[in-house]
Q: 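A single structure is presented below for examination.
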Amino acid sequence: MRVGILGGGQLGWMTILEGRKLGFEFFVLNKDPKAPACKVADACFTPEQAETFLKSCDVITYEFEHIEQGLVEKVSHLLSPSAEVLKLKFSRIQEKSFYRKMGYPTAEFTFAKGEELYKKLVEFGLPAVVKAEKLGYDGKGQYLVESLFGMDEIFKNHSKSENFLVERRVNFLFEFSLIGVRSKRGDVRVYPMTINHHEKGVLLYNYTSSMHIKEAHNILTSLMEDLNIVGLLAVEFFFCQDGKVLINEMAPRPHNTGHYTLDGCYTSQFENLLRAIANLPLGSAKLKLPSGMVNLLGASIQDIDVEGLLSLEGIKLYWYGKEKRERRKMGHINIVANTQKEVEEKIKSVLYLTYQTQRV
Ligand code: AMP
C-alpha cells in the first residue's frame with residue numbers, strides 16, 4: 001500500500017514509523033523537506049510537485065488541517081478522511097455551525113466580522129473567548145476577553161477584515177477527549193478517554209481515565225457516522241460543572257491526546273488510521289496499562305534531563321528533531337504504569353525533569 005500524507009509534522013512521522021511495520025510505503029507532501037515526516041518517508045514532495053506525489057499514492061491522508069484548498073481539490077478522490085470533512089476544519093465558524101445544525105452540544109457562540117467585533121461582544125456579554133476564524137491551533141488566534149479593553153490585543157494580530165468566532169467562556173471541571181477510528185467497512189473502535197491539561201491553549205499533559213462518559217461516546221460515534229469518517233476522529237470536550245458535556249472541537253486526524261496509544265494500547269491511533277484507510281481489519285483500541293503523556297514544549301534536547309528521564313520505569317521518549325521555537329511541540333514522553341495514580345506521579349516527575357513543573 002502506497003500512502004500519501006499531506007503535512008510533514010510529528011503526526012506524519014509517527015504514522016510512518018507505525019506503518020513501516022505493516023510494510024507500507026509513504027510519500028509526504030510538505031513545503032519543508034527537513035520536516036520530521038520527510039526524514040522517514042520514502043520520498044517527500046513540495047506542493048509544486050503535487051502531480052508526481054499524486055501518482056505515487058494509492059490513498060492519501062493528512063496530518064494537519066490547514067491545507068490549501070486547491071491542493072485538497074486535486075487529491076480529493078484519494079483523500080481519507082474525505083475532503084468534505086477537511087473543509088469543515090478550514091473555518092472555526094463553519095465547524096461550530098455544523099454542530100449547531102446537527103444538534104450537537106457546544107458552548108453558546110456567535111460570529112463577528114472584524115469591525116463589528118466590539119458591538120457583538122457588548123451584545124454577547126463578557127467574559128468571552130474570541131477565536132480567529134482561520135488558521136487557529138495550539139491556542140494561536142485565540143483570546144480570552146474579560147474587558148473590552150482586551151480587544152486591542154486582538155487587532156494587533158488580526159486585520160479588521162477577518163471573521164471571528166465568539167464563544168461563551170466555559171467554566172469547565174475538566175477537559176477530556178475521545179478518539180475513534182472507523183474503517184471503510186464501517187467498523188468502529190473507540191480509545192479510552194483521556195483527561196487533558198492545557199497551558200495557554202497548548203496541551204501540556206494528559207492521562208487515561210477509567211471513566212466512561214456515555215454521552216461523549218455517543219457524540220463521537222454519531223459524528224463519525226454523520227461525517228462518514230474513514231480514518232480517525234478526535235473530539236475534545238469540556239466537562240461542565242452541571243455534568244453537561246460540550247464539544248470544543250474535533251480533528252479528523254491523529255491527535256496529540258492519543259500519543260499515549262503508541263505504548264498504552266494494543267493498537268496505536270497511527271496504526272489504526274492506516275488499517276482504516278487501507279481497508280484492513282481494525283486493531284483493538286483497548287488499554288494495556290494506565291497511560292499518560294507529557295509534551296516537551298519549546299525545549300531543545302539539551303534542556304531536558306534525558307539521563308534522569310530514561311532512568312524512570314515505563315517512560316518512553318519521542319523526539320521529533322524540529323527546530324526549537326518558543327512553545328513549539330518538540331517531542332513528548334509516553335508513560336505507562338500499573339495504576340492511574342502511579343501515572344499521575346510519573347507525570348509530575350517528568351514535568352520536573354523537563355523543567356516544566358512551574359507550568360502546572
Ligand atoms: P482550541 O484552540 O479551541 O482547542 O482551544 C484550546 C484551549 O483553550 C482549550 O483546550 C481550552 O483549554 C481553552 N478554551 C477554548 N475555548 C474555550 C471556551 N469557550 N471556554 C473556556 N476555555 C476554552
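Source: prediction; values computed, not measured. All ligand and atom numbering here is 1-based and tracks the order in the structure.
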Q: Taking 4.0 Å as the limit for heavy-atom contacts, which would you say applies to Asn196 with ligand 1: side chain only, backbone only, both, or neither?
A: neither
Q: Have a look at Met14 and tell me which of Gln269, Glu271, Glu63, His259 forms a side chain to side chain contact (heavy atoms under 4.5 Å, CB included) with it.
A: His259
Q: Are Arg253 and Phe64 in a cation-pi setup, meaning NZ or CZ lies under 6.0 angstrom from the ring centre and within 45 degrees of the ring axis?
A: no
Q: Would you say Tyr143 and His158 are linked by a side-chain donor-acceptor pair, where the criterion is simply a distance under 3.5 Å?
A: yes
Q: For Glu116, run the salt bridge (Lys or Arg N to Asp or Glu O under 4.0 Å) check against Lys120, Lys119, Lys113 and tell me which one passes.
A: Lys120
Q: Could you list the atoms of ligand 1 found under 4.0 angstrom from a heavy atom of Lys131?
A: 3 (O), 15 (C), 16 (N)
Q: Taking only heavy atoms of Glu249, which atoms of ligand 1 are found under 4.0 Å from at least one of them?
A: 1 (P), 4 (O)
Q: Relative to the heavy atoms of Glu167, which atoms of ligand 1 are at a distance of less than 4.0 Å?
A: 16 (N), 17 (C), 18 (C), 19 (N)
Q: Judged by modelled atom types alone, do Ser222 and Glu225 share a side-chain donor-acceptor pair under 3.5 Å?
A: no
Q: Could you walk me through whether Tyr320 and His332 pass the side chain to side chain donor-acceptor pair (under 3.5 Å) check?
A: CA-CA 8 Å; Tyr320 313 145; His332 75 267; 2.6 Å; yes
Q: Counting only heavy atoms, which portion of Gln142 has something under 4.0 Å from ligand 1: side chain, backbone, both, or neither?
A: side chain
Q: Tell me, which protein residue and heavy-atom name are nearest atom 17 (C) of ligand 1, and how many Å apart are they?
A: Phe238 CZ, 3.6 Å
Q: Spell out, as yes or no, whether a donor-acceptor pair under 3.5 Å connects the side chain of Asn334 to the backbone of Lys316.
A: no
Q: What is the closest protein heavy atom to atom 11 (C) of ligand 1, and at what distance does it sit?
A: Glu175 OE1, 3.2 Å
Q: State which residues pass ring pair (Phe, Tyr, Trp, His ring centres under 6.0 Å) with His212; sequence neighbours excluded, sorted by chain then number.
A: His217
Q: For atom 18 (C) of ligand 1, state which one of Val130, Val129, Asn171, Leu246 supplies the nearest heavy atom.
A: Val129
Q: Which of the numbered atoms in ligand 1 are below 4.0 angstrom from a heavy atom of His198?
A: 10 (O)
Q: Should Lys140 be listed as contacting ligand 1, given a heavy-atom distance under 4.0 Å as the test?
A: no
Q: Which atoms from ligand 1 have a heavy atom of Phe172 less than 4.0 Å away?
A: 21 (C), 22 (N)
Q: Could you see which bit of Arg92 sits under 4.0 Å from ligand 1, with heavy atoms only: side chain, backbone, both or neither?
A: side chain
Q: Once you restrict to heavy atoms under 4.0 Å, what part of Val170 touches ligand 1? Side chain, backbone, both or neither.
A: both
Q: Under 3.5 Å, is there a donor on one side chain and an acceptor on the other for Asn272 and Thr267?
A: no
Q: Specify side chain, backbone, both or neither for Arg169, according to which of its non-hydrogen atoms lie closer than 4.0 Å to ligand 1.
A: both
